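Take a look at the structure set out below.
In this text, all values refer to a predicted model and were calculated from it rather than measured experimentally.
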Amino acid sequence: MRSPFKSVITAMAIGFLAFFSCKNTDTTVTPTSAAVSALSCGSATLSATAASGTAYTGTASVPYTGGNGSSYAAGSAITSTGVTGLNATLQAGTLASGAGNLTYAISGTPSGTGTATFALSFGGQTCSLALAVGAPGSGTTSSGSSTITGALAATASANTTCATATGLARVVCLAEAFKATLSSSQVAAMQFTYSKTNAQKWSNLPAALSARIGITLGSLNTVQLAAFRDLMVAVLAINTTDEGYDEMLGNLVADDYLNTIGGGSAYGAGNFYISFLGTPSTSSLWEILFTGHHYTQPYTFNAGVLTGVTPAFRGVEPAAAVSANNRSYQPFEQERQVFAAMLSGLSSSEQATAKLAGTFTDLVLGPGKDNQFPATKLGVKVGNLSAAEQALVLNAIKLYVNDLEATTAATILTKYTAELAATYVAYSGTTAVASANDYVRIDGPSVWIEFSYQGGVIIRNTPHPHSVWRDHTGDYGGN
């Protein structure tokens, strides 16, 4: 029989390893019931102040004594009283053997000024957590990085010089305008020669765990962030909630959230990198590479055309909505839903054909897995499906392609649509795509898309998505 002491040591070791990897390696441990001798809400530390009518995201660290060393799962949302509109949710963790702190994630929009009170109950003890809510405009951000997403959420363009340019000429103009805002040392750190080796320096891991090139958003001032925003708006779709540019912004907001709930300095919008590989030009080979935790998007240009936009990585933790900039973001929920609709739209026999053997805990062709496409396509052939079922597959592909500005997206989608009949759909786990280790794959002559729903890293026991879009011939612009 496994002793409780060994179970706790195992859980702590696994938690340590999981912090340093975005791939879920959690092993479930069944502890004795978590218990404490006292909770001290009066000594709680709050990560940010709140203001009436302003979306709030923060954490409360609540001290306890008499912890029994047991693990505990994330709790259900506790709604605020007094000032309503907020929810506090216990984050999973392991008690110390003695004194320690519980972490509660708090989010929502306060309904007024005064005190938002949360009735906490844990380990046989209760206390009332109070969050003061000030007048409109009196709150502080929950993370220093949030000033970055606030700047990037601005809707007005900071650039008038490039207003009349179109197509690639506009992208080049905005790229040079961004460079013009940088110091000479920043340009030197941001611009590299084009090589596939440099283009491959992307990852889904937090910045501290994977070498990237370029300069961070955290190193940019307000003027520079505005110029960066103008450039990204030119290459991504705009004005669509949680897609295109808005999806990118939502990913940064989610990473800020991880920073505030225990992820620390390895997480946050300030840790995302921008680099130019080669000199921006309407004729030569060059690339824009934007990469960070859970988000990578390259744009490779050559001989006056865009030649590649893959490998593109998408993911987010938490999968649930996170609030910032006076609104909520849930940047990858639409993708999860469209895959569930695609799989549930298949007949039972088609689902049986599409189902893969084995369990998939992460992506097959994630970072570092270049040129490793399976030799044999698996699953159900889209050409054998009904017109309605084929449309569901195309809808899933569109959510990736349509992240890009409209002209680029139309060109790519024309190719993928022409190849749709020769494309295959496969999955593992459940068709609801709502449980850990649910996995979906779309594999065509050109397109390759994977979606993996896997256990959380910072928010334990709660699945979050990883996804990659590759192209059999177009990765790294075909270079």
Side-chain angles (χ1 to χ4, degrees), residues 23-24 28 243 310-316 319 330 332-366 369 372-403 409 412-455 462-475:
K23 181 179 179 181
N24 178 34
T28 301
E243 295 298 327
T310 58
F313 189 96
R314 300 288 190 271
V316 67
Q330 198 170 8
F332 221 62
E333 175 62 8
Q334 293 176 113
E335 283 76 1
R336 188 196 68 77
Q337 290 181 1
V338 80
F339 283 124
M342 179 185 75
L343 294 177
S344 64
L346 301 176
S347 69
S348 57
S349 61
E350 289 164 345
Q351 288 175 354
T353 301
K355 191 155 190 179
L356 298 166
T359 300
F360 291 75
T361 60
D362 204 347
L363 303 172
V364 174
L365 297 183
K369 301 294 185 179
Q372 297 183 32
F373 297 100
T376 302
K377 296 188 185 302
L378 301 175
V380 62
K381 190 175 182 180
V382 178
N384 295 334
L385 303 179
S386 69
E389 291 168 332
Q390 291 187 33
L392 292 174
V393 178
L394 191 60
N395 286 343
I397 295 172
K398 285 179 179 179
L399 276 187
Y400 289 77
V401 177
N402 286 343
D403 280 338
I412 297 172
L413 195 59
T414 296
K415 178 175 71 171
Y416 289 172
T417 301
E419 297 173 346
L420 190 63
T423 298
Y424 286 72
V425 168
Y427 78 101
S428 178
T430 75
T431 58
V433 195
S435 304
N437 298 331
D438 283 352
Y439 170 87
V440 188
R441 177 190 303 174
I442 297 176
D443 183 11
S446 298
V447 68
W448 171 279
I449 294 171
E450 291 180 87
F451 181 100
S452 167
Y453 214 40
Q454 53 192 257
T462 302
H464 75 288
H466 281 189
S467 185
V468 71
W469 169 22
R470 288 183 177 270
D471 191 287
H472 284 265
T473 60
D475 276 0

Of all heavy-atom pairs between Leu392 and Ala341, which one has the smallest distance, and what is that distance?
-> CD1-O, 3.6 Å
What closest approach, in Å, do Val401 and Leu413 show between heavy atoms, and which atom pair accounts for it?
-> CG1-N, 4.0 Å
Minimum heavy-atom distance between Thr431 and Ser344, given as atom pair plus value = CB-N, 4.5 Å
Does Val447 reach the side chain of His472, with side-chain heavy atoms less than 4.5 Å apart?
-> no
Rounded to the nearest 0.5 angstrom, the CD1-CG distance for Ile449 and Leu365 is 12.5 Å
Tell me, do Tyr427 and Ile442 make a side-chain contact under 4.5 Å, heavy atoms counted?
-> no
Would a 4.5 Å heavy-atom cut-off, applied to side chains only, mark Pro311 and Trp448 as touching?
-> no
Salt bridge flag under 4.0 Å for residues Asp438 and Arg336 | no
For residues Tyr439 and Tyr453, determine if any side-chain heavy atom of one lies less than 4.5 Å from a side-chain heavy atom of the other.
-> no
For Ala319 and Pro463, the nearest pair of non-hydrogen atoms, with its separation, is CB-O, 3.9 Å
With side chains defined as the heavy atoms from C-beta onward, is the minimum distance between Tyr424 and Arg441 less than 4.5 Å?
-> no
Min side-chain heavy-atom separation Val468-Arg314 under 4.5 Å | no
Separation between CD (Glu335) and CG (Asn395), nearest 0.5 Å, reads 12.0 Å
Does His466 have its ring centroid less than 6.0 Å away from the ring centroid of Phe451?
-> no
With rounding to the nearest 0.5 Å, note down the distance linking CD in Gln337 to CD in Glu333.
-> 4.5 Å
Is the backbone of Val382 close enough, under 3.5 Å, to the side chain of Gln390 for a donor and an acceptor to pair up by distance?
-> yes
Rounded to the nearest 0.5 Å, the OG atom of Ser452 sits from the CG atom of Asp362 at a distance of 5.0 Å
Where the side chain of Glu389 meets the backbone of Met342, is there a donor-acceptor pair that is under 3.5 Å apart?
-> no
Which heavy atom of Leu399 sits nearest a heavy atom of Glu243, and at what distance?
-> O-OE1, 3.3 Å
Polar side-chain atom of Thr423 near backbone of Lys381 as donor-acceptor pair, under 3.5 Å | no
Apply side-chain hydrogen bond (donor to acceptor under 3.5 Å, both in side chains) to the pair Gln351 and Ser348, showing each step before the final yes or no.
-> CA-CA 5 Å; Gln351 288 175 354; Ser348 57; over 6 Å; no
Establish, from distance only, whether the side-chain atoms of Tyr416 and Asp471 form a donor-acceptor pair under 3.5 Å.
-> yes
Closest non-hydrogen contact found for Ala340 with Ala432 is CB-O, 3.5 Å
Could you please spell out the steps behind the side-chain contact (heavy atoms from CB on, under 4.5 Å) verdict for Val316 and His464?
-> CA-CA 6 Å; Val316 67; His464 75 288; 5.8 Å; no
Do Asn437 and Ser435 have side-chain N/O donor and acceptor atoms under 3.5 Å apart?
-> no
Stepwise side-chain contact (heavy atoms from CB on, under 4.5 Å) test for Ser467 and Phe332 = CA-CA 9 Å; Ser467 185; Phe332 221 62; 3.5 Å; yes
Test item: Val440 and Glu450 side chains (from C-beta on) under 4.5 Å apart, heavy atoms = no
Does the side chain of Thr417 come within less than 4.5 Å of Ile397's, by heavy atoms?
-> no
Using a distance-only test with no angle check, is there a side-chain donor-acceptor pair under 3.5 angstrom linking Thr353 and Glu350?
-> no
In terms of the angle between their ring planes, are Trp469 and Tyr400 parallel, tilted or perpendicular, with boundaries placed at 30° and 60°?
-> perpendicular
Check: Thr361/Gln454 side-chain N/O donor and acceptor closer than 3.5 Å | no
Does the distance from a Lys or Arg side-chain N to an Asp or Glu carboxylate O, for Arg470 and Asp443, drop under 4.0 Å?
-> no
